[in-house]
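Computed from a predicted structure; not experimentally measured. Protein chains get the first letters and strands the later ones, always in sequence-line order, with residue 1 at the start of each.
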2 protein chains.
Amino acid sequence: MKATYDLPCNIAQTLNIIGDRWTLLIVHEIFIGNNTFSEIKRGLNGISSNLLSDRLKYLEESGLVASSLYSDHPPRYAYNLTDSGKDLEDVFNSIILWGRQHLDKCYKKIIHDKCNHEVDITYYCSYCNENVDELSVVEVD
Amino acid sequence: MKATYDLPCNIAQTLNIIGDRWTLLIVHEIFIGNNTFSEIKRGLNGISSNLLSDRLKYLEESGLVASSLYSDHPPRYAYNLTDSGKDLEDVFNSIILWGRQHLDKCYKKIIHDKCNHEVDITYYCSYCNENVDELSVVEVD
DNA sequence: ATACTAGGTTGATTTTTTGAACTTAGTAGC
DNA sequence: GCTACTAAGTTCAAAAAATCAACCTAGTAT
């Protein structure tokens, strides 16, 4: 049985899906357009075939990835993200931005296409129609 | 030797620090105000003492956590986040928001204090002074 | 006919994590 | 002064997970 976190917390429950070693990086590879088994493997120096195979199956079970057969014989699959997989974009970006600020050796930054300047994360309240700072994390009903 | 990802990618390098099992949850416990060993342990149902002890040491080495002795005899430490630890807030929030949308059982939501409505993540370009959608992740120089 | 690639599977070895017991030093109750 | 209890760990065996290397099948290229 897969070890999971048994905690009433969005973060723990989300990590039960994407928190295993390599998993988030695999989703990210697909996110940036590496769609076949060997493209993903090439992108992730050091991952073993069996682990990649297991993780892709688990991600598909969890609904973040969908695979489609693009050749019958031999079977060849293309892996794509579902909407929930694509919605990890903000998670990727928040991690990239943290790394931009705090990693000794930083590789990536996120820029606004139009002006090429770097962007920050903010929070937007669509009810008030404005960016807001004062937030609370609260229980749902 | 600790297994690390050897990839030129902010996400992989950041996960080398916070990607091990339990680590991000430990930082989160401290973030929400559980500052002693036993408070953190109580907050994380299922974690073992030795692992918590190891992780706290590694987080301190990595500069995300600072411990201060609040009693000499017996030694008692309070764990606090450094600035880089606190800066994981956006990572926590992006995961909470993903969970809000995609977890079967969701526990938390993030609201704007003033109006109690839920917020979204957006990206702000301080050069253009506006929220922006069109972003690119690019190599740093 | 031989080599090479894609997309895996199998099984042994190594590394991590878990779980339980133990330790040290202090406080609280009687 | 004795017993129980708590905090903050450490130690060590057992279980689980990841790595590594070899193998497999079916095609393509030379």
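- Taking the side chain of A:Ala3 as heavy atoms from C-beta on, and the options D:dA17, D:dA7, C:dG7, the nearest nucleotide is D:dA17.
- Residues B:Trp22 and A:Arg42 both approach DNA chain C. Their nearest nucleotides, taken by heavy-atom distance, put A:Arg42 toward the 5′ side.
- Whole-Å rounding puts the A:Asp54 CG to C:dG11 P distance at 14 Å.
- The side chain of B:Tyr5 contributes no N or O atom lying less than 4.0 Å from OP1 or OP2 of D:dT19.
- Side-chain N/O atoms of B:Ser38 include none lying less than 4.0 angstrom from OP1 or OP2 on D:dT6.
- Here the CH2 atom belonging to A:Trp98 is positioned 13.0 Å from the CD1 atom belonging to B:Ile11, to the nearest 0.5 angstrom.
- When distances are taken from the side chain of B:Arg21 to each of C:dG8, D:dT19, C:dT18, the shortest belongs to C:dT18.
- In this structure, A:Ile47 places its CD1 atom 13 Å from C1' of D:dC20, rounding to the nearest Å.
- In terms of phosphate contacts, B:Tyr58 brings no side-chain nitrogen or oxygen within less than 4.0 Å of OP1 or OP2 of C:dT16.
- Without hydrogens or angle criteria, B:Gln13 side chain to B:Leu7 main chain gives a donor-acceptor distance under 3.5 Å.
- Put simply, CG on B:Asp20 is 11 Å from C1' on C:dT17, counting in whole angstrom units.
- Nearest heavy atom pair, residue A:Ile110 against residue B:Leu135, reads CG2-CB, 4.1 Å.
- Taking side-chain N and O atoms only, B:Ser53 has a distance below 4.0 Å to OP1 or OP2 of D:dT10.
- For the OP1/OP2 pair of D:dA8 and a distance below 4.0 Å, the side-chain nitrogens and oxygens of B:Lys57 include no atom meeting the criterion.
- The NZ atom of B:Lys41 sits 11 Å away from the C1' atom of C:dT18 (whole-angstrom rounding).
- Listed nucleotides C:dT18, C:dT9, D:dT19 differ in distance to B:Leu51; the shortest reach to its side chain belongs to C:dT18.
- Look at CG on A:Leu15: it is 14 Å from P on C:dT17, rounded to the nearest Å.
- As a whole-Å value, the separation of A:Glu39 CD from C:dT5 P is 15 Å.
- Computed from coordinates, the A:Leu56 CG to C:dG8 P distance equals 8 Å when rounded to whole Å.
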Before you tell me yes or no, could you show the steps for B:Tyr123 and A:Asn93 under side-chain hydrogen bond (donor to acceptor under 3.5 Å, both in side chains), namely the whole-Å CA-CA distance, both residues' side-chain angles and the distance that decides it to 0.1 Å?
CA-CA 10 Å; B:Tyr123 299 87; A:Asn93 286 337; 3.1 Å; yes
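- Atom CG of B:Leu44 and atom P of D:dA8 are 14 Å apart (whole Å).
- Proximity of B:Leu97 to A:Asp90: side-chain heavy atoms (C-beta onward) are nowhere separated by under 4.5 Å.
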Listing time: all N or O pairs from protein to nucleotides 19-22 of chain C that are below 3.5 Å?
unit_1, atom_1, unit_2, atom_2, d
C:dG19, O6, B:Asn50, ND2, 2.7

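- Both B:Ile17 and B:Leu81 belong to a single network of hydrophobic side chains, linked directly or stepwise wherever heavy atoms of I, L, V, M, F, W or Y lie under 4.5 Å apart.
- Considering all non-hydrogen atoms of both residues, B:Tyr77 and B:Ser67 come closest at CD2-OG, 3.8 Å.
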